[in-house]
Amino acid sequence: MSFRLGLTGSIGMGKSTTADLFRAAGCDVWDADAAVHRMYDVSGRAVAPIQSALPTAVENGAVSRDRLKELIGQDPSVLKTLEKIVHPLVAEDRAEFVSKSEADILVFDIPLLFETGGNKTMDAVVCVSVPAEIQKNRVLARGTMTEAQFEQIRAKQMPNEEKCAQSDFVIITDTLDHAREQVEAVVVTLRKQIQNA
Ligand SMILES: CC(C)(COP(=O)(O)OP(=O)(O)OC[C@H]1O[C@@H](n2cnc3c(N)ncnc32)[C@H](O)[C@@H]1O)[C@@H](O)C(=O)NCCC(=O)NCCS
Ligand SMILES: Nc1ncnc2c1ncn2[C@@H]1O[C@H](COP(=O)(O)OP(=O)(O)OP(=O)(O)O)[C@@H](O)[C@H]1O
């Protein structure tokens, strides 16, 4: 059975970028946000249930993220409604990935790993981190969220320090080269552990 490595961190801390580095090191990667993108797209699994619960969120056969963000801004409980629909579908997608993967290390990029208790299903957890100011600047530089939307999401997440304290490894995502070095060191450590098991 493959080693299951959880990869988490708060919004904009560098999960996707770090996941690419694990991929380059020969790990298979599953990305929870990417799974959500697939299921919001035309013919995706979440379109029909979201259409029933939040009819105005579906436009041209796909779930509109802009519309969702507006609805969440007007009523924060909309995020709970969404999570009830989306999270079971995300779990199905993940099970399909596990059944098809063959690498020695499977990396699960999951923003809400600790918040949903998913850390208990992992053999080890990596948390990515940078100072809060850099995190905020990076997210706002993407131009996909207002500062208020960013703060609303961040407030819902477990604080960064707690996530890091509960993780087996912390990767500082200040530069790409530094992150790559840390990823390679984690992979070497895990491969030694796997061989000695
Ligand atoms: C709120 C939405 C519309 C924002 O879309 P947008 O394209 O702007 O951002 P994106 O999806 O890339 O998310 C950015 C980050 O926000 C954070 N985030 C997203 N959803 C949540 C949530 N329910 N609770 C806390 N943080 C969240 C994560 O850190 C994520 O990486 C979208 O994230 C969404 O539909 N969320 C509900 C589904 C969900 O819970 N996804 C989380 C992974 S399973
Ligand atoms: N090691 C790094 N060095 C420099 N910049 C980085 C590094 N890691 C990430 N970044 C930058 O930070 C921003 C956020 O990174 P990324 O999209 O990987 O974060 P994320 O945690 O997956 O975000 P989200 O939670 O919103 O999905 C991007 O602009 C990315 O280029």
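Below, each value reflects all heavy atoms present in this structure, side chains not excepted, and no hydrogens, waters or symmetry copies. Remember, it's 1-based here, ligands and their atoms both numbered in the order they're listed. All of these numbers come straight from a predicted model, not from anything done at the bench.
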Suppose I only count heavy atoms of [X] and a 4.0 Å limit; which atoms of ligand 2 are within that range?
| X | answer |
| --- | --- |
| Asp174 | 3 (N), 4 (C) |
| Ser16 | 18 (O), 20 (P), 22 (O) |
| Thr175 | 1 (N), 2 (C), 3 (N) |
| Lys15 | 18 (O), 19 (O), 20 (P), 21 (O), 22 (O), 24 (P), 25 (O) |
| Asp33 | 27 (O) |
| Ala179 | 1 (N) |

### Query
Do Arg94 and Thr121 meet the criterion of a side-chain donor-acceptor pair at a distance under 3.5 Å?
yes
Ligand 1: which protein N/O atoms lie under 3.5 Å from its N/O atoms?
from, atom 1, to, atom 2, distance (Å)
ligand 1, 5 (O), Arg65, NH1, 3.3
ligand 1, 7 (O), Arg65, NH1, 2.7
ligand 1, 8 (O), Lys69, NZ, 2.6
ligand 1, 11 (O), Arg65, NH1, 2.7
ligand 1, 23 (N), Glu83, OE2, 2.6
ligand 1, 24 (N), Lys156, NZ, 3.2
ligand 1, 26 (N), Gln157, NE2, 3.0
ligand 1, 29 (O), Gln157, NE2, 3.0
ligand 1, 31 (O), Asp33, OD2, 2.7
ligand 1, 35 (O), Tyr40, OH, 2.5
ligand 1, 40 (O), His87, NE2, 2.8

#### Entry: Distance flag for atom 28 (C) of ligand 2, protein heavy atom under 4.0 Å
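There is no protein heavy atom less than 4.0 Å from atom 28 (C) of ligand 2.
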### Task
May I ask whether atom 10 (N) of ligand 2 is less than 4.0 Å from at least one protein heavy atom?
yes
### Task
Classify the angle between the aromatic ring planes of Phe108 and Phe97 as parallel (below 30°), tilted (30 to 60°) or perpendicular (above 60°).
perpendicular
Considering all heavy atoms, the nearest [X]-[Y] contact:
| X | Y | value |
| --- | --- | --- |
| Ile85 | Ala53 | CD1-CB, 3.8 Å |
| Met145 | Val139 | SD-CG1, 4.4 Å |
| Gly6 | Leu113 | CA-CD2, 4.0 Å |

### Query
Does Glu133 CD have over 12 foreign heavy atoms under 6.0 Å away?
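Counting neighbours around CD of Glu133, 12 or fewer heavy atoms of other residues, nucleotides or ligands fall under 6.0 Å, so no.
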### Task
Count the heavy atoms of every other residue, nucleotide or ligand shown that sit under 6.0 Å from CD of Gln74, and state whether that count exceeds 12.
yes
### Query
When you measure from atom 8 (N) of ligand 2 to each heavy atom in Leu176, Ile11, Thr17, which option holds the nearest one?
Thr17
### Message
Less than 4.0 angstrom from a charged side-chain N to a carboxylate O is my criterion; do Glu83 and Lys156 meet it?
### Response
yes
### Query
Below 4.0 angstrom, N of the basic side chain to O of the carboxylate: do Arg38 and Asp41 qualify?
no
### Message
Pairs of nitrogen or oxygen atoms closer than 3.5 Å, one from Gly14 and one from ligand 2: do any exist?
### Response
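Such a contact does occur with ligand 2.
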Measure [X] to ligand 2 on non-hydrogen atoms and call it side chain, backbone, both or neither using the 4.0 Å cut-off.
| X | answer |
| --- | --- |
| His178 | neither |
| Arg138 | side chain |
| Thr173 | both |

### Donor-acceptor contact below 3.5 Å, side chain Ser167 vs main chain Val170
no
Does ligand 2 have any atom sitting under 4.0 Å from a heavy atom of [X]?
| X | answer |
| --- | --- |
| Gly12 | yes |
| Arg142 | yes |
| Val130 | no |

### Query
Side chains of Phe22 and Val186: does their closest heavy-atom pair fall under 4.5 Å?
yes
